[in-house]
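Written out below as structure tokens is the structure these notes cover.
The figures here come from the full heavy-atom set of this structure, side chains too, leaving out hydrogens, waters and symmetry mates. Lettering of chains follows the sequences in order, A, B, ..., and the numbering in each one begins at 1.
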Amino acid sequence: MTGKGMDIEKLLEWLKKYDLTELTVRDGKFLVTLKKESHAAPFPRQPLLGIDESGGSLASSARASEGGAVGLPAVPAETAGWHEVKAPLVGTFYRAPSPDAEPFVEEGDRVDINDKLCIVEAMKIMNEIESPVRGIVREICPGNKDTVEFGQVLFRIEERE
Amino acid sequence: MTGKGMDIEKLLEWLKKYDLTELTVRDGKFLVTLKKESHAAPFPRQPLLGIDESGGSLASSARASEGGAVGLPAVPAETAGWHEVKAPLVGTFYRAPSPDAEPFVEEGDRVDINDKLCIVEAMKIMNEIESPVRGIVREICPGNKDTVEFGQVLFRIEERE
Amino acid sequence: MIRKLLIANRGEIAVRIIRAARELGIQTVAVFSEADREALFVRYADQAVCIGPPPPSESYLFYQNILAAAKSTGADAIHPGYGFLSENAFFAEACRAVHIIFVGPSPQAIRKMGDKATAKRLMKEAGVPTVPGSEGVLESAAAARRLADEIGYPVVIKATAGGGGRGMRIVHGKKELEGAFNAAVGEARQAFGDAGVYLEKFIENPKHIEIQVLGDKHGQAVHLFERDCSIQRRYQKLLEEAPSPVLDDDTRAAMGRIAVAAARSVSYDSVGTIEFIYDMRTQRYYFIEMNTRIQVEHPVTEMITGVDLVKRQIQVADGERLSLTQEGIARTGHAIECRINAEDARQDFLPQTGTLSQYIVPGGPGVRVDAGVYPGYAIPPFYDSMIAKLIVWGETRKDAIARMRRALGEFIVEGVATTIPFHQRIIQHPEFHQGTYTTDFIRRVMAADGGENAC
Amino acid sequence: MIRKLLIANRGEIAVRIIRAARELGIQTVAVFSEADREALFVRYADQAVCIGPPPPSESYLFYQNILAAAKSTGADAIHPGYGFLSENAFFAEACRAVHIIFVGPSPQAIRKMGDKATAKRLMKEAGVPTVPGSEGVLESAAAARRLADEIGYPVVIKATAGGGGRGMRIVHGKKELEGAFNAAVGEARQAFGDAGVYLEKFIENPKHIEIQVLGDKHGQAVHLFERDCSIQRRYQKLLEEAPSPVLDDDTRAAMGRIAVAAARSVSYDSVGTIEFIYDMRTQRYYFIEMNTRIQVEHPVTEMITGVDLVKRQIQVADGERLSLTQEGIARTGHAIECRINAEDARQDFLPQTGTLSQYIVPGGPGVRVDAGVYPGYAIPPFYDSMIAKLIVWGETRKDAIARMRRALGEFIVEGVATTIPFHQRIIQHPEFHQGTYTTDFIRRVMAADGGENAC
């Protein structure tokens with residue numbers, strides 16, 4: 001069997017048809033490997049703070065001491081073009097300036113550049129996070145009081161004039 | 001980038017063009033990996049008795065205690081169709097019935113089925129190896145008195161009527 | 001002086017022997033079947049010779065090719081590992097006949113200990129306690145009763161021609177004896193065409209405790225304490241530890257002395273193991289058999305004594321005097337071994353084949369891994385399913401258990417199912433923590449826990 | 001009671017700390033930079049929090065995010081490992097301020113030992129031998145001569161503002177002194193704008209020998225013998241062993257007592273190391289500095305004593321009393337550690353990045369691997385190049401060397417160049433076998449062998 005001239009679609013068909021998890025096509029110098037990506041990642045995935053970028057909180061992703069693999073929630077496809085506002089530091093996420101106050105923003109709200117979005121509290125210091133873009137808040141990812149890690153997505157904003 | 005509809009020849013071209021050692025094409029569910037098989041095997045190759053099927057003898061393949069990787073001699077392409085006579089046991093390869101006698105066969109000789117080809121001596125027992133085919137002896141792989149292992153190629157015979 | 005050692009085995013024990021030889025400055029020759037060309041032991045050896053096709057009978061048991069490989073490569077000694085040819089007296093003699101050192105005991109010792117009846121008789125003569133019972137076939141129910149009264153109930157009546165539990169009757173008291181005797185005789189006659197039965201004391205749910213011994217060719221012999229191998233599934237050991245959590249020091253010392261006497265009685269001149277069953281109720285122990293080879297579980301003894309048993313085995317085979325004295329062998333701490341098999345515990349321990357797509361071994365303090373595989377290796381279907389042994393040492397048994405738990409959690413194998421999750425269940429079990437488990441632990445406890453297969 | 005420990009470090013030491021914590025039943029939180037998302041320590045921890053981008057100043061040194069991660073996850077203790085924040089007294093205080101246990105000594109001890117001049121003065125007061133020399137700046141050539149006569153030649157004159165050998169003069173005898181003094185003063189003035197120089201005894205090609213100490217918060221302190229860390233390349237340790245092959249038992253005991261006195265003098269309450277230079281000609285030794293943290297080479301001490309230093313470090317940080325007594329600490333056998341760095345010795349030890357396409361670690365008896373990587377892992381370019389530590393134990397130094405040789409041969413790393421071949425050269429060198437090597441061994445011997453880069 002030679003890999004030359006054999007198109008991938010053909011191989012993909014075989015994969016599906018025969019329910020293969022791996023298909024290797026070899027010809028002298030070259031090797032083509034087709035794998036069905038299983039749910040198990042190459043390394044047993046454990047939920048990490050921050051790998052889950054769709055808004056998982058620390059509370060929800062704290063893992064058992066020797067817990068098993070957990071699937072990661074998929075990012076909805078339509079979010080692809082939205083602007084992501086990420087946590088610039090580790091801390092606790094607050095949607096409002098005080099427990100009794102209204103949230104800074106809700107999903108669907110229109111925001112302008114430098115509008116306040118939330119507070120991330122770290123070591124008793126309240127860090128206000130402002131919007132870097134103009135648009136509509138499509139998603140507020142962490143829950144109120146969730147812990148967020150560096151780089152975790154806090155908001156998804158559809159940019160609009 | 002999606003793997004669907006992209007043919008392997010195209011990917012092979014890229015491999016060559018960009019001197020890649022690995023190329024992965026991914027689309028959501030599927031993964032295609034192209035690798036240039038390097039000279040280094042996935043495991044550091046050390047010369048093994050018998051991996052060298054082009055006629056390496058034990059003497060030549062004895063490796064240093066902590067020796068490095070050694071390339072394997074390639075089997076000449078034209079041998080592809082020839083019949084290989086392999087050692088059925090471990091022992092010492094003798095080309096002639098006794099030290100003073102003529103060799104059973106030489107390269108270029110015509111042999112018939114059941115013609116004697118050599119002796120493999122094991123624990124003082126002389127095992128005569130006969131030709132399983134009719135044809136012309138194209139290659140005598142081990143040297144006289146070399147040790148041969150199980151499955152090692154002793155002769156390559158071009159089958160002819 | 002052994003200068004080149006051929007290893008007539010495969011897998012982790014072949015790697016283990018190569019390690020010992022290399023540390024002694026001895027060259028190594030691996031022999032391998034066509035299925036093992038990519039195996040770790042083949043890569044690690046200085047030389048390697050293919051000796052046949054995958055079936056063991058045509059390669060690892062095919063001594064002609066093994067001897068030819070030894071002679072051809074100039075090997076002056078052969079180490080048989082365990083299994084395969086390791087307890088084959090004929091092979092040991094064949095080595096001797098062609099002037100190759102067999103790294104094991106004398107053929108005579110193998111032969112004596114290889115026959116159960118001979119071994120039991122010899123051990124009795126050497127003062128080693130054996131399971132009390134009839135010397136041969138019992139002639140009558142009355143004879144059976146007399147004997148049972150003498151040795152005490154419970155007793156077991158077994159067909160001499162029997163096996164696998166057929167024709168076997170356990171008798172708990174005097175009243176049951178005559179009926180059981182007659183039933184056993186009838187069943188034996190019907191099943192095997194031989195009405196002969198014998199009677200033995202029945203040891204219910206014993207511990208399996210074995211003593212490691214080491215002798216040289218100059219009449220020296222020592223023991224290296226015991227191993228507790230009572231965690232078994234269908235007579236296959238799964239987990240071993242040293243020392244045994246239930247032996248007191250007096251019993252330990254007594255068993256050691258007896259094991260050395262047993263070894264001396266056959267002029268034992270290698271590493272070997274005297275196996276006992278130990279009755280926790282009476283604290284009595286009885287000789288079962290001797291294994292005249294290095295054992296799978298030898299590392300737990302190495303971990304608590306610091307003695308390299310495989311190196312010593314090679315040295316004594318080479319005629320060296322044992323430089324160890326009994327007083328000089330101390331033990332420190334506690335060691336546990338888990339056998340990591342490529343088996344799916346959820347499918348009745350069905351052996352698995354496949355490629356190790358990920359393989360991360362545990363490390364750090366007190367952790368030892370003896371493995372025959374590597375990342376990316378494809379496990380062939382022809383041989384034993386054990387791919388690695390995970391051994392830990394701790395200052396105390398509690399420390400060792402915590403460490404084993406930690407190490408099992410770090411051991412990541414993908415591509416095939418392994419017994420790692422099963423071991424995780426074992427070491428979390430309260431009865432394991434107590435140390436009072438017996439040979440029925442796996443069957444009894446795992447079944448109660450929701451089935452042996454649930455994990 | 002510490003219940004959840006945050007590890008403010010990465011790589012092999014983070015894995016090492018997770019192992020210790022897990023064996024103690026303590027939950028673990030890893031913090032990691034964006035470059036370390038796939039690292040082994042992140043996978044092995046119970047929880048993991050990203051704390052910043054790859055540069056250490058924005059992640060592993062950015063204590064604000066580390067403390068926030070600790071508070072957010074409910075960690076009650078932080079282990080700083082080595083490097084990064086491990087000897088930062090301010091960080092230790094910051095932990096205390098937010099009621100988190102810093103797994104290390106008191107901020108006071110870190111501060112005292114962190115300043116070289118203070119440390120030297122304190123050690124002198126505690127009766128610890130220090131390198132003889134001037135108390136401060138030398139006023140004149142005459143003062144220099146008086147001092148040199150007193151402490152004996154050779155001496156070294158150094159600029160107080162200096163560094164990197166500039167303004168440094170080695171003086172072998174009385175006749176050279178005045179000229180050297182004037183030259184050093186001139187060079188110091190020109191190079192640093194500060195003419196101040198001081199004078200010390202010059203110890204030529206010493207051994208670097210350090211004593212492991214361990215103290216608790218209740219005034220107890222013990223030592224765990226020495227490590228010989230003289231195999232260095234540009235002040236980077238490459239290989240360490242314990243015990244030192246050149247110390248006699250009296251010197252060993254004396255150095256241990258002195259190290260304990262040094263630790264007590266600053267109420268030292270954690271693991272730490274007292275570093276000495278040891279003059280093989282005079283058999284005298286001098287305090288150099290104290291490292292107030294767990295060290296890279298701690299495993300060699302663990303291997304010969306059986307004491308788990310990281311577990312002990314966590315326990316004493318938690319306020320536990322040391323359950324060890326000096327008399328109860330015995331040593332057995334010999335241990336050697338090789339640091340396996342992703343560096344190409346043929347390219348002046350250039351750090352390598354790349355993916356570990358094959359990664360097979362050695363195993364078997366007496367072999368320990370502490371690694372931060374796994375097969376298929378991609379080494380990021382931002383951090384230390386050490387990927388693993390290979391540690392072996394043997395009954396004797398000779399056994400340990402043979403074992404290290406065997407283990408290095410089994411260690412297969414593909415995808416990046418490593419220092420494995422370089423270590424193979426070191427352990428085969430006759431001077432290494434003698435054990436008399438000093439800190440100039442790598443430079444001197446390897447150069448003579450055809451260049452440090454040839455291997």
Are there donor-acceptor pairs under 3.5 Å across chain C and chain D? List atom names and distances.
from      : atom 1 : to        : atom 2 : distance (Å)
Arg19(C)  : NE     : Gly363(D) : O      : 3.4
Arg19(C)  : NE     : Glu410(D) : OE1    : 3.1
Arg19(C)  : NE     : Glu410(D) : OE2    : 2.8
Arg19(C)  : NH2    : Glu410(D) : OE1    : 2.9
Glu23(C)  : OE1    : Arg403(D) : NE     : 3.0
Glu23(C)  : OE1    : Arg403(D) : NH2    : 3.1
Glu23(C)  : OE2    : Arg403(D) : NE     : 3.0
Glu23(C)  : OE2    : Arg406(D) : NE     : 2.8
Glu23(C)  : OE2    : Arg406(D) : NH2    : 2.9
Tyr44(C)  : OH     : Glu410(D) : O      : 2.8
Asp308(C) : OD2    : Arg403(D) : NH2    : 2.9
Gln358(C) : NE2    : Pro375(D) : O      : 3.4
Gly363(C) : O      : Arg19(D)  : NE     : 3.4
Gly364(C) : N      : Val369(D) : O      : 3.0
Val369(C) : O      : Gly364(D) : N      : 3.0
Pro375(C) : O      : Gln358(D) : NE2    : 3.4
Arg403(C) : NE     : Glu23(D)  : OE1    : 3.0
Arg403(C) : NE     : Glu23(D)  : OE2    : 3.0
Arg403(C) : NH2    : Glu23(D)  : OE1    : 3.1
Arg403(C) : NH2    : Asp308(D) : OD2    : 2.9
Arg406(C) : NE     : Glu23(D)  : OE2    : 2.8
Arg406(C) : NH2    : Glu23(D)  : OE2    : 3.0
Glu410(C) : O      : Tyr44(D)  : OH     : 2.8
Glu410(C) : OE1    : Arg19(D)  : NE     : 3.1
Glu410(C) : OE1    : Arg19(D)  : NH2    : 2.9
Glu410(C) : OE2    : Arg19(D)  : NE     : 2.8

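Among Val369(C), Ile360(C), Val361(C), the one residue that satisfies the side-chain contact (heavy atoms from CB on, under 4.5 Å) test with Val361(D) is Val361(C).
Interface remark: Pro299(C) contributes no atoms to any contact with chain D (heavy atom separation under 4.5 Å).
When the candidates Ala402(D), Pro365(D), Gly363(D), Pro375(D) are compared by the number of heavy-atom contacts under 4.5 Å with chain C, Pro365(D) comes out ahead.
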